[in-house]
Visitor: 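I have a structure here, written as structure tokens, and I will follow up with some questions on it.
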There are 2 protein chains.
Amino acid sequence: MNNNSGNDKTMTIHDVARELGVSASTVSRAISGKGRIGAATRDRILDYIEEHGFYPNAAAQSLAQSKTNNIAIILPEVNTLVDMPFFHTCMYGVEEVAQANDYDIIVVTTNGNDTKPLERLIQNRKVDGMILTRTYENDKYVKFLKQKQIPFVAVGKFPDDDVVQVDHDNVGACKELVTVLFAKGIQNIAYLGSNMDQMVNRCRYQGYEEAYRKGKRKLNQDLVYTDLSNKAMVEKAVEELKKSGVECILCQDDYICDEVVRKLARMGVRIPDQMKVASCHYSRILENYPVTITSLKFNITELGRRSCQVLLDMIHGKTVPDKTLLDYEIILKESTKG
Amino acid sequence: MNNNSGNDKTMTIHDVARELGVSASTVSRAISGKGRIGAATRDRILDYIEEHGFYPNAAAQSLAQSKTNNIAIILPEVNTLVDMPFFHTCMYGVEEVAQANDYDIIVVTTNGNDTKPLERLIQNRKVDGMILTRTYENDKYVKFLKQKQIPFVAVGKFPDDDVVQVDHDNVGACKELVTVLFAKGIQNIAYLGSNMDQMVNRCRYQGYEEAYRKGKRKLNQDLVYTDLSNKAMVEKAVEELKKSGVECILCQDDYICDEVVRKLARMGVRIPDQMKVASCHYSRILENYPVTITSLKFNITELGRRSCQVLLDMIHGKTVPDKTLLDYEIILKESTKG
DNA sequence: CTGAAAGCGCTTACAG
DNA sequence: CTGAAAGCGCTTACAG
């Protein structure tokens with residue numbers, strides 16, 4: 001007693017064709033909107049479909065059209081309170097515009113080295129394109145995708161010009177932040193960063209450097225730490241910096257900023273009186289402090305959205321800009337006051 | 001000059017059949033391992049495939065076999081430092097076992113109300129099953145999936161017996177935690193929770209209640225808050241509880257715990273001397289405090305893994321347990337000392 | 001504007 | 001053990 005003519009198998013295009021006394025081709029045209037078709041027939045078909053809930057089989061469409069309406073989003077393996085929200089939020093953004101365009105997203109997590117999962121997805125033709133959410137200095141995935149000529153976009157900067165990139169202007173943002181801090185009368189600013197394999201980290205450091213150059217100031221390399229891979233190293237750096245008499249510490253991200261703030265608290269060093277602090281990336285972690293922290297703020301969801309939009313444009317054969325740079329905000333707070 | 005016989009189109013099963021002088025059926029059998037086939041032919045085919053890198057077209061396989069090798073994972077829209085890592089970690093777990101079984105995961109984010117995205121995925125037959133990562137008191141998705149007879153598993157408890165569930169034993173865990181606290185000599189324990197629409201929150205409260213009953217203690221409803229939906233409400237509750245002279249506050253999750261700890265600090269109330277605190281869910285947020293917090297600890301990745309394993313079993317027609325309850329740990333720390 | 005036919009790239013009874 | 005054929009459910013030139 002259901003709509004399905006007493007037949008419980010899922011409806012096909014032929015079922016609706018038969019019911020309506022037209023051919024399957026005509027039904028297909030009505031649905032796709034492609035090819036000439038009479039307005040009356042089209043409406044009749046569309047009405048029937050609407051009413052009886054016909055949904056085309058994705059695999060059949062995919063096979064016939066050589067397109068999947070799937071895109072892959074490649075996530076790194078991360079587990080910090082800074083990284084997880086970043087990638088998750090970015091994924092939301094991607095998903096939002098994918099959904100809006102009738103695309104689904106296939107998520108794959110990788111360690112940055114094993115290209116097997118990625119290859120399988122491509123070779124089996126399960127996706128029409130890919131989004132790389134993190135790029136490395138020498139990125140295996142990028143090489144593979146370029147060679148396979150798969151449409152893909154890299155979230156984050158990449159040295160090669162022929163790679164389509166969507167990113168926040170990390171270089172410009174850090175440069176401006178440091179310049180602003182100089183303008184506030186701060187004489188020297190230390191930099192604490194970690195893994196320079198990641199492009200985003202290189203960019204931030206570059207911005208810091210450029211600000212020094214622009215300000216015609218001499219950058220003392222003793223104030224620069226770019227390979228702090230754990231808490232102990234950050235703590236040691238903070239101790240050394242305190243002794244050195246530097247006025248301000250610029251943190252590559254909130255993970256490092258978090259350690260810095262805690263360490264200073266344990267040392268009894270007051271922010272900003274005895275040490276100023278700023279971070280290159282605002283995340284909710286910063287909300288937890290008694291003292292508010294000066295930082296750069298990026299719109300991560302928008303980053304995801306734009307990446308997806310650019311990828312879809314590529315897939316649909318439109319020409320897209322090689323680089324899309326998103327804006328940033330500089331949030332000045334207590335931690336750099338005075 | 002590539003391996004592809006000078007032809008740049010992607011290889012099909014017929015190409016390898018022709019090269020090897022066998023039929024497409026035989027190639028198919030060699031790959032799938034199904035149907036009788038001579039060991040020699042099989043090896044010859046497999047070697048060729050290995051060497052020349054043939055990958056079957058997923059859409060074609062999907063169409064012929066009516067299965068997609070995709071599963072969907074439904075994520076709620078969340079943005080707190082507690083929720084995002086939870087769902088992200090769970091997703092990792094799912095992805096890990098999906099990958100290992102040659103399944104891909106399609107991620108869809110929903111607000112819990114709009115069933116459209118879910119429906120599309122099902123109706124177009126893009127997935128073989130689904131994982132619901134959050135369940136609600138009256139879950140629309142559950143209803144839809146049951147009606148459609150799609151294999152699915154709910155992460156978290158669900159009242160209906162005919163819904164396959166994978167969950168931590170939230171009830172038992174909270175019950176035991178509260179019982180342990182009683183055993184330490186604490187006389188009364190307040191409960192701070194939020195949205196009771198979510199099953200997980202109901203469970204935790206239920207465990208708390210059961211511990212009271214088991215201990216034959218009278219539960220004073222003035223000590224119970226179950227609808228704190230923002231910071232201000234939590235703060236007010238903390239103030240009232242401090243006045244009431246209660247000894248210990250049990251927090252439904254770390255989001256609430258975070259607010260409680262901060263509020264107590266601002267009030268100048270020392271933990272654990274002047275107020276004890278415990279949380280029903282350990283997340284990295286708790287690592288940030290100067291005082292360590294007693295809490296329940298769950299293995300979220302494992303939750304994801306098991307959910308996926310159960311779903312795959314269902315898809316493959318095995319019988320699976322209606323409920324899979326994962327273990328928990330009780331971590332006693334400073335915050336409940338003395 | 002519409003239909004019949006071939007094709008997308010696999011799988012799987014059915015013969016042999 | 002292996003092959004020819006039909007079928008999965010669409011799309012799309014090609015005729016008319």
Side-chain angles (χ1 to χ4, degrees), chain A residues 4 7-46 48-49 52-70 102 120 122-126 128, chain B residues 4 7-46 48-49 52-70 102 120 122-126 128:
Chain A
N4 211 350
N7 180 349
D8 217 32
K9 290 188 58 210
T10 49
M11 211 184 308
T12 75
I13 214 173
H14 289 100
D15 295 327
V16 355
R18 186 169 6 85
E19 286 305 314
L20 261 32
V22 296
S23 75
S25 340
T26 304
V27 176
S28 176
R29 286 189 195 98
I31 295 172
S32 68
K34 287 185 273 187
R36 314 200 64 69
I37 185 174
T41 0
R42 186 192 51 223
D43 292 349
R44 207 157 57 92
I45 295 173
L46 260 21
Y48 183 93
I49 283 173
H52 294 75
F54 164 74
Y55 295 81
N57 180 310
Q61 287 188 124
S62 183
L63 182 57
Q65 303 182 98
S66 329
K67 71 184 190 78
T68 63
N69 273 42
N70 290 146
D102 285 320
R120 192 172 56 68
I122 297 295
Q123 307 280 28
N124 293 327
R125 278 136 288 169
K126 284 192 88 160
D128 299 332
Chain B
N4 213 348
N7 180 345
D8 217 33
K9 289 188 59 209
T10 49
M11 211 184 308
T12 76
I13 214 173
H14 288 100
D15 296 327
V16 357
R18 187 171 2 86
E19 286 305 313
L20 261 30
V22 297
S23 76
S25 338
T26 304
V27 176
S28 177
R29 286 189 195 99
I31 295 171
S32 69
K34 287 185 273 188
R36 315 199 63 69
I37 186 174
T41 0
R42 186 192 50 222
D43 293 347
R44 206 158 58 93
I45 295 172
L46 259 21
Y48 183 93
I49 283 173
H52 294 75
F54 164 74
Y55 294 82
N57 179 308
Q61 287 189 125
S62 183
L63 182 57
Q65 303 183 97
S66 331
K67 73 186 189 76
T68 63
N69 272 40
N70 291 148
D102 286 320
R120 193 171 55 69
I122 297 294
Q123 305 281 28
N124 293 327
R125 278 135 290 170
K126 284 192 89 160
D128 299 332

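What you see is a predicted model, and the numbers here were worked out from it, not measured in a lab. Within every chain, numbering begins at 1; the chains are lettered A, B, ... in the order of the sequence lines, protein sequences first and strands thereafter.
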Visitor: Without decimals, in angstroms, what is the distance between Arg36(B) CZ and dT11(C) C1'?
Guide: 18 Å
Visitor: What is the separation between atom CD on Gln61(A) and atom P on dG9(C), rounded to the nearest whole Å?
Guide: 17 Å
Visitor: Checking all strands, does Ser62(B) fall into the base, sugar-phosphate, or nothing category for heavy-atom contacts under 4.0 angstrom?
Guide: nothing
Visitor: Ignoring the backbone of Ser23(A), work out which of dC10(C), dA4(C), dC1(C) is nearest its side chain.
Guide: dA4(C)
Visitor: Which nucleotide in the set dG3(C), dC8(D), dC10(D) lies at the smallest distance from any side-chain heavy atom of Leu63(B)?
Guide: dC8(D)
Visitor: Just how far, in rounded Å, is C1' of dG9(D) from CZ of Arg18(A)?
Guide: 14 Å
Visitor: In Watson-Crick or G-U wobble terms, both distances under 3.5 Å, what is the partner of dA15(C)?
Guide: dT2(D)
Visitor: From CD1 of Ile37(B) over to P of dT11(C), roughly how many Å is that when rounded to an integer?
Guide: 12 Å
Visitor: Checking contacts here: which listed nucleotide (dC10(C), dG9(D), dT2(C)) is nearest the side-chain heavy atoms of Phe54(B)?
Guide: dC10(C)
Visitor: Using atom CZ of Arg42(A) as one end and atom C1' of dC1(C) as the other, report the distance to the nearest whole Å.
Guide: 12 Å
Visitor: Nearest-Å distance, NZ (Lys34(A)) to C1' (dC1(C))?
Guide: 18 Å
Visitor: If you only use heavy atoms from C-beta on, which nucleotide in dA4(D), dC10(D), dG3(C) is closest to the side chain of Ser25(B)?
Guide: dA4(D)
Visitor: Could you please name the option among dT2(C), dT11(D), dT2(D) that lies closest to any side-chain atom of Thr26(A)?
Guide: dT2(C)
Visitor: Has Ser28(B) got a side-chain N or O lying under 4.0 Å from the OP1 or OP2 atom of dT11(C)?
Guide: yes
Visitor: Looking only at heavy atoms, which two atoms of Thr41(A) and Val22(A) are closest? And how far apart?
Guide: CG2-CG1, 4.2 Å
Visitor: Looking at OG1 of Thr68(B) and NZ of Lys126(B), how far apart are the two atoms once the value is rounded to the nearest 0.5 Å?
Guide: 10.0 Å
Visitor: Between Gln123(A) (CD) and dG9(C) (P), how many Å, whole number?
Guide: 15 Å
Visitor: Does the pair His52(A) and Asp15(A) meet the rule for a side chain to side chain contact (heavy atoms under 4.5 Å, CB included), with working shown?
Guide: CA-CA 11 Å; His52(A) 294 75; Asp15(A) 295 327; over 6 Å; no
Visitor: Quick check for you: among dT11(C), dT2(C), dC10(D), whose closest atom lies nearest to any side-chain atom of Pro56(A)?
Guide: dC10(D)
Visitor: When you compare the side chain of Ile37(B) with that of Thr26(B), does any pair of heavy atoms fall below 4.5 Å?
Guide: yes
Visitor: Need to verify one output field. Residue with the more 5' nearest nucleotide on DNA chain D, Ala64(A) or Ala64(B)?
Guide: Ala64(B)
Visitor: Can you figure out which of dC14(D), dT11(C), dC10(D) approaches the side chain of Arg29(A) most closely?
Guide: dC14(D)
Visitor: With a 4.0 Å cut-off on heavy atoms, is Ser32(B) in touch with a base, just the backbone sugar-phosphate, or nothing at all?
Guide: nothing
Visitor: Could you state the atom-to-atom distance from CD1 of Ile31(A) to P of dT12(D) in whole Å?
Guide: 12 Å
Visitor: Which atom pair, heavy atoms only, marks the closest approach of Ser62(A) to Ala59(B)?
Guide: OG-CB, 3.4 Å
